[in-house]
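Fair warning: this is a prediction, and the values are worked out from it, not measured in the lab. Residues: numbered from 1 along the sequence shown.
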Amino acid sequence: MTNSSNTSSNKPKSSMDIMRAAREQLAELTGMTAETVSSFERNDSGWALEVEVLELTRVPDTMSLLATYRVELDEQGELTGYRRVRRYERGRADARRSEGR
């Protein structure tokens, strides 16, 4: 007989479940607030996301420091790795986009 909790855990995760899992696990590991997911894609080993994180609160809020973290999750939505790829002030425009892309 199959346990219903086992079958529900084997059910494919929705995109929203994966994004929630990434934000929650990153916040738990770093102790910082994960504000939003800015990039989300499936790859050969699971999922890759970019998560915007509040690293340092300043006054005024436009001077607060944010960072983009690249987060990797496996097929089940478990975090397998993360790294900070960018750090910036909340009020600053994205320099990468102003380079004429």
Distance-only donor-acceptor hits, side chain of residues 77-84, under 3.5 Å, sequence neighbours excluded:
from	atom 1	to	atom 2	distance (Å)
T80	OG1	E72	O	3.2
R84	NH1	E55	OE1	3.0
R84	NH1	E55	OE2	3.2

Of all heavy-atom pairs between [X] and [Y], which one has the smallest distance, and what is that distance?
X   : Y   : value
I18 : K13 : CD1-CB, 3.6 Å
A22 : V71 : CB-CG1, 4.2 Å
Q76 : D74 : N-OD1, 3.0 Å
A48 : R70 : CB-NH2, 3.2 Å

Review point. L29, V85: one ILVMFWY side-chain cluster at the under-4.5 Å cut-off?
Key: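 Looking at the clustering, V85 is in a separate group from L29.
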Review point. If you round to the nearest 0.5 Å, how far is OG of S15 from CZ of R42?
Key: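 That separation rounds to 8.5 Å.
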Point to revise | ring-ring contact (aromatic ring centres under 6.0 Å, His included) partners of residues 23-44, not counting sequence neighbours, each pair once | key: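 Every ring-ring contact (aromatic ring centres under 6.0 Å, His included) pair that includes a residue of residues 23-44, provided the two are not neighbours, is F40-W47.
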Check your understanding: Which pairs pass salt bridge (charged side-chain N to carboxylate O under 4.0 Å, His left out) with one or both residues in residues 21-33, sequence neighbours excluded?
Key ->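 Listed by first then second residue: nothing to list.
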Contacts of [X] that satisfy side chain to side chain donor-acceptor pair (under 3.5 Å) - sequence neighbours left out:
X   : value
R58 : none
S39 : none
S38 : E52
T30 : none

Hydrophobic side-chain clustering at under 4.5 Å (ILVMFWY, transitive links): who's grouped with [X]? Put none if nobody.
X   : result
M63 : none
L65 : L56
L54 : L66, Y88

**Study point:** Minimum side-chain heavy-atom gap V53-L26 below 4.5 Å
**Key:**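 Side-chain contact under 4.5 Å: yes.
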Check your understanding: L49 versus L73: any side-chain heavy-atom pair under 4.5 Å?
Key ->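 They are in side-chain contact.
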